[in-house]
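Below: one structure, written as structure tokens.
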Amino acid sequence: MGSSSSGNGGEAPEIAEAGHLQLLSSIIPSHESERISLIHHYSHAFKGFSAMLTENEASVLAGHDGIVSIFRDPILQLHTTRSWDFLEASSGMQNKHKHPPLSSDVIIGMIDTGIWPESPSFNDDGIGEIPSRWKGVCMEGYDFKKSNCNRKLIGARYYDSIQRTYSNNKTHMAKPDDSPRDFDGHGTHTTSIAAGAKVANVSYHDLAGGTARGGSPSSRIAIYKACTLDGCSGSTILKAIDDAIKDGVDIISISIGMSSLFQSDYLNDPIAIGSFHAQQMNIMVVCSGGNDGPDLYTIVNSAPWIFTVAASNIDRDFQSTVLLGNGKTFQGSAISFSNFNRSRNYPLAFGEDVAAKFTPISEARNCYPGSLDTQKVAGKIVVCTDDDLNIPRQIKKLVVEDARAKGLILVSEDETVVPLDSGTFPFAEVGNLSGLQIIKYINGTKKPTATILPTRDVPRYRPAPTVAYFSSRGPGQYTENILKPDIMAPGVAILAAVIPEKEAGSVPVGNKPTGYAIKSGTSMACPHVTGAAAFIKSFHHGWSTSMIKSALMTTATIYDNTGKPLQNSSHHFANPHEVGVGEINPLQALNPGLVFETTTEDYLQFLCYYGYSEKNIRSMSKTNFNCPRISIDRLISNINYPSISISNLDRHKPAQTIKRTVTNVGCPNATYISRVHAPVGLEVKVFPKKIVFIEGLTRVSFKVLFYGKEASSGYNFGSVTWFDGRHSVLLSFAVNVE
């Protein structure tokens, strides 16, 4: 129902709630009066509510004055520590560490599955008193006490989950156990990545050993448990965002999103709505981009006011050695605590050779459920292919394990960079070339044998970073005139805190749960950016959210640890629809030189250009904002964003001109020279080529002209870099020439 003024002394929440109940009573029949209640009521940053309505009632309500949007409550998905050391090393600044004060007043709101407060990652040693501006609470639950909060974990909320069942047209509501405690491990993992305290001598059963720490170990944490075993309700996420804004957080981190197949536009997407109002109050919202890659147009959480994150690997790999009976060895990817050794081999069989009766060969070679003959499989190591990605690796592993196999070798080119945690079950994932040689050995040997050795760490892995296979790709479905994702961060095989009894895989014999585990996903990449943003804010308290976002984007790394341009999982050079502007480089971002400030007015103009009504935009912003006289989609490219995207550059028309304004946050007297990096055929000109800052002049505008007459059809990628001898300010572009 638009922006709320209650945070500024406007209408009291109780009065607004009474008004919403009156509105409901006008459309819900009196004989169903039990439905005249609010599941969630939003009042601080924005007005609105969620309630149980029929389609017809929703249609009637949509016609009421003051309603900006009404939509079905979606169920969103979770996008499921060496990484920080790698980011520092890749910046070339590992000997120039900068650390914020031991106790920082930056507050991070994590919207997720809850938290395991006993983890050492959340201890408050050396952290000062809770900031006086904090207005949040530490809610108690049946297994969570106020004493579980501390000077590090300063807030914890949970929400009544509505489990919906329908019979005789009645709605029955059942509450699960109520507590901020993590039931899944996802929230604990993401929170410790963003802001976990330093914990020495941490490993996952001797893998990935070292010191675990978050990106901003001195930051405070507030937890908003918005997910249950049934998923993450959009209306609950909206409530969590509203509460986080009211409580006084500085940054909100959300490793959750809608399915890329069922995305909603910006006014029907709960995360987009909530984060718009957070941005209006200078609160950054960082979100995972989704795990539906490598297909194009799969990126989610792509509104321009959201900081959208893609996932990469780091310079550490986990490998299991496959040893064949003929002495040949192959390195496979895995996290496997196999108890096999070199002294004993086991019979080796290809899936299609141990197929169950009446099973198509293609299903058996892919180890479909029910496709293998248990008697033929028992006691053997089975080789499966991954031709059909509809059957996840975890399922294939369970199929083989249930058939009493001794182990699994999976042949898959794409996913080898993302190790599967198979627990104690012997497992290795090899690429196509290795897989062909293993199958050739099976076919050419009377009694083929093999063994799979336990996983070992491979440090200083190259190349890194590369784009994770699963990381969702741009362009965005709703506009291609904003470049998405924004940025890339580590999201493959990240060690962080978990619930001790919920560690992935199974614990090796004789070992106790470690409280730390290795997970992959854009869920893990998102809190890396959250932590980096908190790190920067701890040094630059006065910077706006868009200044911090710009600093991280314009200083991003575009080369891997071999010195070559970033690659994707297919070993081709990556483009901005995969990596955004590049890999985060938090230390460089502390001193970016120039920043692109994207204002609320930019975002309101975006909504105009996108096609929303002036009435709704005014309601969302609580202003008398007027849309520009010409409001068309292509003008979205002109909002002052720290990257450039043009969805349609007509080669038969004159150049398209894009305007940007930069703010100098470096030396007051500075001269920057522009350099253009563009593909052959795409002509790119910058006016002026040189920009000069002097004392008192901190903002300067420039134009970038794109001519597509000789360019290749389709997307062309490149960059404009401003350089003053010390700072390189990167402005990436994606231009679709037609």
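Treat the numbers as computed from the prediction; the structure is a model and nothing was measured.
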Between [X] and [Y], does any side-chain donor sit less than 3.5 Å from a side-chain acceptor?
X: Tyr224; Y: Asp247; result: yes
X: Thr555; Y: Asn585; result: no
X: Thr530; Y: Ser253; result: yes
X: Asn301; Y: Thr308; result: no

Hey, could you give me the [atom1]/[atom2] distance between [X] and [Y], rounded to the nearest 0.5 Å?
X: Thr600; Y: Phe276; atom1: OG1; atom2: CZ; value: 7.0 Å
X: Ser728; Y: Gln588; atom1: OG; atom2: CD; value: 8.5 Å
X: Asn481; Y: Phe606; atom1: CG; atom2: CZ; value: 9.0 Å
X: Ser4; Y: Asp242; atom1: OG; atom2: CG; value: 7.5 Å
X: Ile252; Y: Ile245; atom1: CD1; atom2: CD1; value: 5.0 Å

With heavy-atom distances below 4.5 Å as the criterion, would you say the side chains of [X] and [Y] are in contact?
X: Ile193; Y: Met524; result: yes
X: Ser719; Y: Leu731; result: no
X: Asn648; Y: Arg634; result: no

TODO: Find out if the SG atoms belonging to Cys526 and Cys287 lie under 2.5 Å from one another.
DONE: no
Open item on the list: Heavy-atom count check: over 12 atoms from other residues, nucleotides or ligands less than 6.0 Å from Arg133 CZ?
Closed with: yes
TODO: Salt-bridge test for Arg462 and Asp315: reply yes if a basic N is under 4.0 Å from a carboxylate O, no otherwise.
DONE: no
